[in-house]
Amino acid sequence: MRFPRWLLSDRTGLVLLAVLMIIGIGVPALNLLVPPDHPLHLTAYTVTLLGKYLCYALLAVSIDLVWGYMGILSLGHAAFFTLGGYCFGMYMMRQIGTRGVYGDPVLPDFMVFLNWKDLPWYWHSFDMFWFAALMVMVVPGLLAFIFGWFAFRSRVSGVYLSIITQALTYALMLAFFRNEMGFGGNNGLTDFKDILGYSIHADETRIVLFVLSALALAGGYLACRWLVSTRMGRVLVAIRDSEDRTRFLGYRVEQVKTLVFTFSAMLAGVAGALYVPQVGIINPGEFAPLNSIEAVIWVAVGGRGTLVGAVVGAVLVNYSKSWLTAALPEVWLFALGGLFVAVTLLLPYGLIGLLRRRRETAS
Amino acid sequence: MSELIFEPEAAGMHTPVAPVDATHGILLYLEGVTVSFDGFKAIDNLSLYIGDGELRCIIGPNGAGKTTMMDIITGKTKPDAGRVFFGQTIDLLKLDEPAIARIGIGRKFQKPTVIEPLTVLENLELAMSGAKRLRGLMTTRMSGEERDRISAVLDQVGLNEQAQRLAGVLAHGQKQWLEIGMLLMQEPRLLLVDEPVAGMTPAEMERTAELLKSLAGNHSVVVVEHDMGFVRSIADQVTVLHQGRVLAEGRLDELQVDPLVIEVYLGGEDAHH
Ligand SMILES: Nc1ncnc2c1ncn2[C@@H]1O[C@H](COP(=O)(O)OP(=O)(O)O)[C@@H](O)[C@H]1O
Ligand SMILES: [Mg+2]
């Protein structure tokens, strides 16, 4: 097999793909093949935790594409992630069927509880896996398209755009908190049982979800890397550095922005859809503005405009978070804020930038 | 998303398909153009005609409206009144910036604007592809013909040696040439060049003069410039702009003895040079 040049010249990317391949094979092996009492055995809990990190990493990659390359600081990307999660959650809710507390064959428990008689129209078809899998991308993509169409066409950019994206995710949070919306109100969607007939509590299902997350991250990374290696990638950088110049070269900047923003939202949606079955719940809290800001910090920590940095940042920050929220829960937000300030001041190109500088001074 | 995605053939949303018609010898018409910012008339009933293949210099004190005039021609600012035509048939006021770029008007900004994280070659490639639709942009390859076009422009602007360097590390003068090169990649009929030699060394200025003179004939070139020596070295036809109007038009040596021009511009300019 011959690798194309755009991939071969991307050394850190090849390292990332190799690592993903190793853990994609190694983690399942350590869970399934190593006996539970052996020190090298990985519990299903750990596998799922790692799977979550991979979903976060894919979200970070999607943010880096629009922020690092095109200069759009979206502080609302968790909204696309969460919408993807809700879409897949709806599928899993419909799979529960008569096994719910109220045993209604069609209506999810929370609807029975609200005394609803019929399934709302937008819940139809979500009992079909393929439909839900499609909606996971279509719904966030459509929202991003409509949002981008209006925001970019009226040439909203910079801080104003960031604020609107915050408002977008906040508005969605408020809406999803309401019971009348039909998404389970503040409890969200939970008590999932199975996917395509496989129990989501079975180790094997968790392994499959983990491997799928690794594949999605690898695929998302490759798609973004390819995109930024094409001429379109150069256009994105040009838009970031000088929107006017790009326009006077004949590019329809708002169309390019809308297009790439939509693609990015679809990636975030996929990440959310893989995340929800692994954590077993999705609720409106995931729309919280802070979640989107956190995700941007992962990218900044890893190194903006590198794609690999987004992955590194997402995994490292979330690993620290798991560790710190267990050890010193009240410190976490301060640590996150401090980290962001430190990175902005000391490492403008993030951890990947630090690595690159090391290598350049070494050679 | 109009043509970028769906439209099969056309090059731009409102881009006229017919080529520019300059049969009367005039490529650009500005007639009675007025634009005000918060009541202040930056351009005041301005009329100006640029001939096909002509090299025209526009001079005038700071704030005379030179950059604003370029903003109007390139679609960045819409005037309150007046007509702006490209050739006989194309009404520029109906087009937006990308469409105007695609029909053959290239613009160099007052502040040199090249894409610094990209190489010289990539900057030229970027400029070459401005008229392309989505499929043409989704490629990592360059055709032989495209390579030839880029290397021809590299020769023309004298940046052959620099092709693989990042635009950000170029000297000031080289950035200006690169930006002119980017305009040439667009194959424009009209080039608008805003203060090309500001901050250049005398040697760089001389090369820039040669470059701009070599472009006239095949292209119409409008140069806004402050430096009198430079203006003298490139153009014989000069327009003096003052408070958004044409104050005088003619040969530089005539203008330099025109009392009106001396009063508002040349005198003052010499005084602080
Ligand atoms: N977008 C704008 N808003 C308000 N005033 C402007 C704007 N653009 C230009 N002006 C004003 O219009 C006048 C002409 O500016 P400009 O065209 O840049 O002059 P020049 O390029 O000849 O130095 C100046 O007084 C400037 O302050
Ligand atoms: Mg100016």
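Lettering of chains follows the sequences in order, A, B, ..., and the numbering in each one begins at 1.
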Can you give the donor-acceptor pairs under 3.5 Å from side chains of residues 343-354 of chain A to other protein atoms, not counting sequence neighbours?
from	atom 1	to	atom 2	distance (Å)
A:T344	OG1	A:F340	O	2.5

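Your options are A:S242, A:A238, A:G233, A:P4, and the one with the most heavy-atom pairs under 4.5 Å with chain B is A:A238. Chosen from B:T139, B:V114, B:I105, B:T74, the residue pairing most often with chain A at heavy-atom distances under 4.5 Å is B:T139.
Ion pairing of A:R155 with B:E97 is present here, as a side-chain N (NZ or NE/NH1/NH2) and a carboxylate O approach within less than 4.0 Å. Between A:R231 and B:E122 there is no salt bridge, since no side-chain nitrogen of the basic residue lies less than 4.0 Å from a carboxylate oxygen of the acidic one. Between B:D96 and A:R247 no salt bridge is recorded (no basic side-chain N to carboxylate O distance below 4.0 Å).
If you measure heavy-atom distances from B:L118 to chain A, the contacts under 4.5 Å come from the side chain alone. Contacts between B:M185 and chain A at a heavy-atom distance below 4.5 Å are absent for every atom of the residue.
At a threshold of 4.5 Å between non-hydrogen side-chain atoms, the residues B:T113 and A:D244 do not count as touching. Using a 4.5 Å cut-off on side-chain heavy atoms (C-beta onward), B:P117 and A:R240 make contact. Using a 4.5 Å heavy-atom cutoff, the side chains of A:F248 and B:K76 are in contact. Proximity of A:R5 to B:T140: side-chain heavy atoms (C-beta onward) are nowhere separated by under 4.5 Å. Between B:N123 and A:R234, every side-chain heavy-atom pair lies at or beyond the 4.5 Å cut-off.
Summarising the local packing, NZ of B:K78 is surrounded by more than 12 heavy atoms from other residues, nucleotides or ligands at distances under 6.0 Å. Counted within 6.0 Å of OH on A:Y122, heavy atoms from surrounding residues, nucleotides or ligands total more than 12; the atom is thus considered enclosed.
Residues A:R245 and B:L183 come closest through the heavy atom pair NH2-CD2, 3.8 Å. The shortest heavy-atom contact between B:M138 and A:T230 is C-CG2, 4.0 Å.
For the side-chain contact (heavy atoms from CB on, under 4.5 Å) with B:I115, the qualifying choice from A:L249, A:V235, A:I239, A:V237 is A:V237, the only one to do so.
No side-chain donor-acceptor contact under 3.5 Å links B:E116 to the backbone of A:D241. Using modelled atom types, no side-chain atom of A:Y251 and backbone atom of B:A127 make a donor-acceptor pair closer than 3.5 Å.
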Handout entry: B:L134 vs A:L259, side-chain contact (heavy atoms from CB on, under 4.5 Å): CA-CA, chis, key distance, verdict
Key = CA-CA 10 Å; B:L134 195 60; A:L259 201 65; 3.6 Å; yes
